[in-house]
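Inspection log for the structure reproduced underneath, given as structure tokens.
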Amino acid sequence: MAVSDYQMIKAWDEVLKLSKVERGQTVSILCGPHTHPQTLQTATIAAQAAGAVVTRIELQPINAEKATSRDLMNYLGATPLTNNAAALAAMKNSDLVLDLMLLLFSPEQMEILESGTKILLAVEPPEVLVRAVPTEADRKRVLEASKLLKKAKRMHVTSPAGTDVTFRLGEFPVISEYGFCEEPGRWDHWPSGFLFTFANEGGSDGTIVIDRGDILLPQKNYVSDKITMNLSGGFVRGIEGDVDAALLREFMDAYKDPEAYAIAHIGWGMQPRCYWHTLSLMDREATTGQDARSFEGNFLFSLGPNNEAGGSRTTPCHLDIPLRNCTVALDDIVVVRDGKVIDEAFQ
């Protein structure tokens with residue numbers, strides 16, 4: 001269903017209010033040629049209506065000779081902001097950056113956040129943004145769950161498909177995403193609603209089975225036959241299966257970087273307004289797959305970089321893989337059972 005400008009402006013009004021944008025503050029809107037025009041225009045109007053001083057910064061795309069698709073997360077690290085001191089200075093002197101381009105996993109993003117500037121990423125289509133406008137209740141629920149994850153020393157994940165994997169925890173912080181930025185130096189992604197940490201270096205062992213119907217990102221494909229990953233010492237040591245497994249191996253091998261096979265962030269989805277099925281209804285080039293990352297009860301694991309949480313891995317290869325029907329236990333406490341979030345565990 002198409003979204004009216006009025007609905008988008010109302011959505012932006014709510015997000016900017018939750019992000020504590022006040023009259024006289026500086027809001028920079030980072031965009032590129034691929035930015036959705038309705039998202040850009042309505043963000044500008046809403047920020048001006050909030051009384052902010054608004055600046056648009058449009059940067060040109062790079063990495064065309066390296067990426068194998070148009071997906072914004074197909075090749076990470078270097079961004080159009082790399083070596084652009086003027087644009088970087090403008091964003092570091094802003095109260096809030098609305099990232100409609102995608103800076104994820106870049107050192108420049110870390111530098112902007114360290115300056116105290118807030119960054120809100122919003123690159124999904126308007127139809128997704130309006131459906132999943134964040135709420136204060138989303139924030140409270142995710143933060144309650146994060147308290148338990150911060151205490152945990154071990155995550156154990158199982159599934160009927162055959163997943164049985166253990167992650168040792170404690171070396172990296174817990175990151176909570178709920179769709180808005182209310183504190184200086186905070187990054188978030190609208191829409192979202194999940195939490196994660198990174199496994200200790202070398203602390204991932206066992207088997208992950210990506211079952212039929214599970215999703216690969218950035219491929220934005222539903223898997224048609226099982227893929228079995230064998231983990232040892234924090235890395236995927238083997239990928240077994242049929243055509244889907246062969247495609248995945250070639251995708252990862254193309255980066256020619258062994259760190260692509262490292263386990264990165266691990267966590268689970270908590271957003272009831274995001275859905276497993278929506279990727280099947282959308283043009284794959286129109287979305288980065290936030291529904292898949294956020295839908296309630298998934299177990300989301302990733303491969304590749306960990307610099308987002310202070311680690312040293314900066315490989316440009318990044319996979320997010322949400323699994324259904326898993327049971328996730330923190331130490332001895334089950335937080336997701338058969339794909340259902342157990343809210344009582346966080347009380």
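Hydrogens, waters and symmetry mates are skipped; everything else that's a heavy atom, side chains included, is used. All of these numbers come straight from a predicted model, not from anything done at the bench.
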Main-chain N/O of [Y] paired with [X] side-chain donor or acceptor, under 3.5 Å:
{"X": "D320", "Y": "S302", "value": "no"}
{"X": "H34", "Y": "M101", "value": "yes"}
{"X": "R313", "Y": "G304", "value": "yes"}
{"X": "T44", "Y": "L40", "value": "yes"}
{"X": "Q41", "Y": "H36", "value": "no"}
{"X": "D331", "Y": "R154", "value": "yes"}
{"X": "S28", "Y": "V97", "value": "no"}

Output, in order, the C-alpha distance, side-chain angles, deciding distance and verdict of side chain to side chain contact (heavy atoms under 4.5 Å, CB included) for M8 and I45. CA-CA 10 Å; M8 273 297 292; I45 292 170; over 6 Å; no
Min side-chain heavy-atom separation [X]-[Y] under 4.5 Å:
{"X": "L195", "Y": "L149", "result": "yes"}
{"X": "S19", "Y": "E182", "result": "no"}
{"X": "V335", "Y": "V341", "result": "no"}
{"X": "P305", "Y": "T314", "result": "no"}
{"X": "L323", "Y": "D211", "result": "no"}
{"X": "T26", "Y": "N93", "result": "no"}
{"X": "E144", "Y": "S176", "result": "no"}
{"X": "I210", "Y": "M229", "result": "yes"}

F299 vs F301 aromatic rings, parallel, tilted or perpendicular, using cut-offs 30° and 60°? parallel
Sorted by first residue and then second, give each ring-ring contact (aromatic ring centres under 6.0 Å, His included) pair with at least one member in residues 222-248; sequence neighbours left out.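 Only Y222-W276 qualify under ring-ring contact (aromatic ring centres under 6.0 Å, His included).
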Could you tell me if [Y] and [X] have a donor-acceptor pair between their side chains, going purely by distance under 3.5 Å?
{"X": "E201", "Y": "N306", "result": "yes"}
{"X": "Y275", "Y": "Q271", "result": "no"}
{"X": "S4", "Y": "Q7", "result": "yes"}
{"X": "T315", "Y": "D257", "result": "yes"}
{"X": "S224", "Y": "R212", "result": "no"}
{"X": "D188", "Y": "S192", "result": "yes"}

First locate atom [atom1] of [X], then atom [atom2] of [Y], and finally report the distance between them rounded to the nearest 0.5 Å.
{"X": "N221", "Y": "D244", "atom1": "CG", "atom2": "CG", "answer": "7.5 Å"}
{"X": "L102", "Y": "T35", "atom1": "CG", "atom2": "OG1", "answer": "10.0 Å"}
{"X": "Q290", "Y": "L217", "atom1": "CD", "atom2": "CG", "answer": "9.0 Å"}
{"X": "E240", "Y": "T207", "atom1": "CD", "atom2": "OG1", "answer": "8.5 Å"}
{"X": "I119", "Y": "C181", "atom1": "CD1", "atom2": "SG", "answer": "8.0 Å"}
{"X": "I333", "Y": "E344", "atom1": "CD1", "atom2": "CD", "answer": "12.5 Å"}

Just jot down the ring-ring contact (aromatic ring centres under 6.0 Å, His included) partners of [X], sequence neighbours excluded, or say none.
{"X": "H156", "answer": "none"}
{"X": "F167", "answer": "none"}
{"X": "W190", "answer": "W12"}

Apart from [X] itself, what residues make up its hydrophobic cluster, given side-chain heavy atom links below 4.5 Å?
{"X": "M282", "result": "V128"}
{"X": "V243", "result": "L247"}
{"X": "L300", "result": "F172, I175, F194, F196, F198"}

Determine, stepwise, if the pair E296 / R141 fulfils salt bridge (Lys or Arg N to Asp or Glu O under 4.0 Å). CA-CA 12 Å; E296 185 163 356; R141 188 170 181 238; 2.6 Å; yes
Salt bridge [X]-[Y], side-chain N to carboxylate O under 4.0 Å:
{"X": "R273", "Y": "D138", "answer": "yes"}
{"X": "R139", "Y": "E136", "answer": "yes"}
{"X": "D214", "Y": "K226", "answer": "no"}
{"X": "E111", "Y": "K92", "answer": "yes"}
{"X": "D291", "Y": "R293", "answer": "no"}

[X]: side-chain contact (heavy atoms from CB on, under 4.5 Å) partners, not counting sequence neighbours:
{"X": "P33", "value": "E58, Q60, P61"}
{"X": "T327", "value": "T158, V334, R337, D338"}
{"X": "E22", "value": "Q25"}
{"X": "R168", "value": "N200, D205"}

Does D332 CG have over 12 foreign heavy atoms under 6.0 Å away?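 Counting neighbours around CG of D332, 12 or fewer heavy atoms of other residues, nucleotides or ligands fall under 6.0 Å, so no.
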Should the heavy atoms of other residues, nucleotides or ligands under 6.0 Å from CZ of R237 be counted, would the total exceed 12? yes
Apply side chain to side chain contact (heavy atoms under 4.5 Å, CB included) to the pair W187 and E177, showing each step before the final yes or no. CA-CA 8 Å; W187 179 94; E177 295 186 22; 3.3 Å; yes
Exercise: identify the closest heavy-atom pair between A122 and T39: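 So the two residues come closest at O-CG2, 4.4 Å.
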Heavy-atom closest pair, residues N325 and P160: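 That would be O-CD, 3.3 Å.
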Steps toward side chain to side chain contact (heavy atoms under 4.5 Å, CB included) verdict (T42, Y6): CA-CA 8 Å; T42 55; Y6 170 73; over 6 Å; no
Might you work through the side chain to side chain contact (heavy atoms under 4.5 Å, CB included) test for R324 and N298, ending with a clear yes or no? CA-CA 5 Å; R324 298 180 301 150; N298 73 30; 5.9 Å; no
Apply salt bridge (Lys or Arg N to Asp or Glu O under 4.0 Å) to E127 and list each qualifying residue two or more places apart in sequence or on a separate chain.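 In terms of salt bridge (Lys or Arg N to Asp or Glu O under 4.0 Å), with neighbours along the sequence ignored, E127 is linked to no residue.
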